[in-house]
2 protein chains.
Amino acid sequence: MKHKPTSFDIAHLAGVSQSTVSRALNDSPLVNISTRQKVQEIARELNYQVDKNASNLRRQRSSTIALLLFEDPTSDDSLVNPFFLAMLGSITKACAAKGYDLLVSFQNLDNNWQAEYEDSHKADGLILLGYGDYRAYAGKLSQLHQHDTHVMRWGAPVAQWPGISIGCDNFSGGQSVTRHLLSHGYQSYAFIGDIGDKAPEFQSRYEGFLNALGNTKCRHQQYDAISSEEAGHLAASHLLEAPAGLPDAIVCAADIIAVGVLQQLKEAGVRVPEDIAVVGFDNIQLAAFTTPGLTTVQQNTAQAGEKLVENLLLAIEGHPTDDHLLATNLVVRQSCGCRAK
Amino acid sequence: MKHKPTSFDIAHLAGVSQSTVSRALNDSPLVNISTRQKVQEIARELNYQVDKNASNLRRQRSSTIALLLFEDPTSDDSLVNPFFLAMLGSITKACAAKGYDLLVSFQNLDNNWQAEYEDSHKADGLILLGYGDYRAYAGKLSQLHQHDTHVMRWGAPVAQWPGISIGCDNFSGGQSVTRHLLSHGYQSYAFIGDIGDKAPEFQSRYEGFLNALGNTKCRHQQYDAISSEEAGHLAASHLLEAPAGLPDAIVCAADIIAVGVLQQLKEAGVRVPEDIAVVGFDNIQLAAFTTPGLTTVQQNTAQAGEKLVENLLLAIEGHPTDDHLLATNLVVRQSCGCRAK
DNA sequence: TCATCTTATTTAACCGATAGGTTCGCATTG
DNA sequence: CAATGCGAACCTATCGGTTAAATAAGATGA
């Protein structure tokens, strides 16, 4: 057998027409159960596989989703990435469960995603996973939206931005980790992380932080820092030099920042958690290996992937969906002052 | 304009036949340069994109490569993964550069990859990226080979296994890191890592280790360990209990193992590198954050991705290729005894 | 001037599966 | 006995390109 078997080959062997084969393989009730089985049997023997391209062409859909990862070249991706890998894993699995394939690509903002993937029928919809300076692609988003592309974005919902997004509940995450610190009895707090428009996630975390402190008499301050170790260094040294002295606890908007903070404190001879508590956000794998182990907030990536895929498929089928927030999970280690396990 | 523009729409607008449009868009010299430009101009205005499915169907190729990640459920993937993400990044970029798309999927060994991807014309070839117990899929490999699937595998070449593989030069990597330790003047060595058939990479690293020690009078021993932190713990405690006492230096077959070793040594009150040197292999991101920083061997993932894609495309085009080893790069930190930067 | 060769386009045959419409055969019913 | 109903399988147009083969118009040469 030199050439790949087609449905005609099966039709010939089964003594039926080719269209009957197609129906039989799709388990159509229009064809008698016995012929159906006979056809399927032959298909199995021949190792027959329907040609995806022919099928897609005819059905005008690809049963494929494109996952676009876009990165801000200025950010240190080697430290952020693991989170996306976890997402990738859960997204591929969710896609597979729904019978969709996943096309993955790293993108820059210049590309015309709509044209590249949806117009060409390479994919039925897009999932955007990005990090870095978000403002850069707000314009892109509205463009996609205008084209009626089926898009699902990972990240915090932003009122001004068009389209649907799925993200973790940064507010309650920030709230719960702060409450945990409060339960230790700490009186003064510092939040390290940008809270401007370009970092909506950090902003929500900060709001959760503020909300938790709410009616307490605790003092608090805030320092800017992008998502990087260096920014953590810098912010920590500012804290160390502050005339007011160190707070009891530091809430970092991201684990990477916390890692930088821990290093800086260590250099300065400040002990964690004896002298000061430090917590992060993200639960990157590194968090389990810092000394002391970093108490942090974990995002449910498995659920995130499922939700993204699920809602995207709904959108493709024409059902309207809405933004969605996923619950976070407090991961307690030692940096908050809890005893070692 | 309600429906997606097709080549017929362009043909109509340009006043030429549809086939001329197709040729013009493919920059065929068969069509006059002026009509070519006119057609391309119109296509641009309409935001036309060729339908990938139609094109693929006719050309009998998909311009897509499938990347199959398969994992051994017993291994702790959260620690191994970052390496694969780096590979993923370089592979997507290499594919994009060659005009190929990348389909990504996590797989288990039961699936019929050949049928799933190549027979269905979803992809023109496969790249296998796996870890864990390699024996499990040796059989799978020969199956693929029998089917003449176009496959490229990441990993050490194994004589008995069919198919081509691209891997890093584990031998010279093990050799160079061991030589570096020798330059510190250490006299006795331990290698931690499995050296059986199921871990061909570790085996090569071990051989490099032995080769470096070669004619020296240095003593050396070896302990089994799979690629996990726990295995590192265990091996280290064996070392600590050994009547012969601790060696001067430990070469771990993987960074994760080294991380476990470092932890165990720390608990036992053994200082690194003052009392004993420890080195790893892989340069996982964690290696930069251990205390002390882990000296290790880095694999060139960017080059690896390129080579995998390049050779796979060659295979698809029918040109025979051969196994390929990539150079490694020694990353010196403090755990080997070198001063802090 | 007519035959010959280019060059530019068009015609038409696919690629392989899907789905709407139709036909065929057989059983039921007025 | 002819008319009707119905399930099962078949016929055929179609999806949107690609490309070999056919054709038309224009240029070259004897």
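Chain letters run A, B, ... following the sequence lines, proteins first, then strands; residues in each count from 1.
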Mind calculating the distance between [atom1] ([X]) and [atom2] ([N]) to the nearest angstrom?
X	N	atom1	atom2	answer
B/Asn26	D/dT19	CG	P	7 Å
B/Leu30	D/dT23	CG	P	18 Å
A/Ile33	D/dA9	CD1	C1'	16 Å
A/Arg36	D/dA8	CZ	P	9 Å
A/Lys52	C/dG16	NZ	P	17 Å

**OP:** Mind listing the closest non-hydrogen atom pair of A/Leu326 and A/Asn300 along with its distance?
**Re:**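 It is CD1-O, 4.2 Å.
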Original post:
Just wondering, do B/Trp113 and B/Thr149 contact through their side chains at under 4.5 Å, heavy atoms?
Top reply: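 SC-SC contact between B/Thr149 and B/Trp113 ruled out.
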Original post:
Roughly how far apart are A/Glu41 CD and A/Arg36 CZ, rounded to 0.5 Å?
Top reply: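 Reported to 0.5 Å precision, the distance equals 15.5 Å.
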Original post:
Going from CD on B/Gln40 to CG on B/Leu25, what distance comes out if it is rounded to the nearest 0.5 angstrom?
Top reply: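 Output value for this atom pair is 6.5 Å.
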Original post:
Would you call B/Lys307-B/Glu310 a salt bridge at under 4.0 Å N-O?
Top reply: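 Here B/Lys307 pairs with B/Glu310 in a salt bridge, since their nearest N and O are under 4.0 Å apart.
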**OP:** Indicate for each nucleotide in nucleotides 10-16 of chain D, in 5' to 3' sequence, whether protein heavy atoms under 4.0 Å reach the base (B), only the sugar-phosphate (S), or nothing (-).
**Re:** BBBBBBB
**OP:** Scan side-chain atoms only and decide if A/Asn32 and A/Ser34 contain a donor-acceptor pair under the 3.5 Å cut-off.
**Re:**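 Per modelled atom types, A/Asn32 and A/Ser34 side chains form a pair under 3.5 Å.
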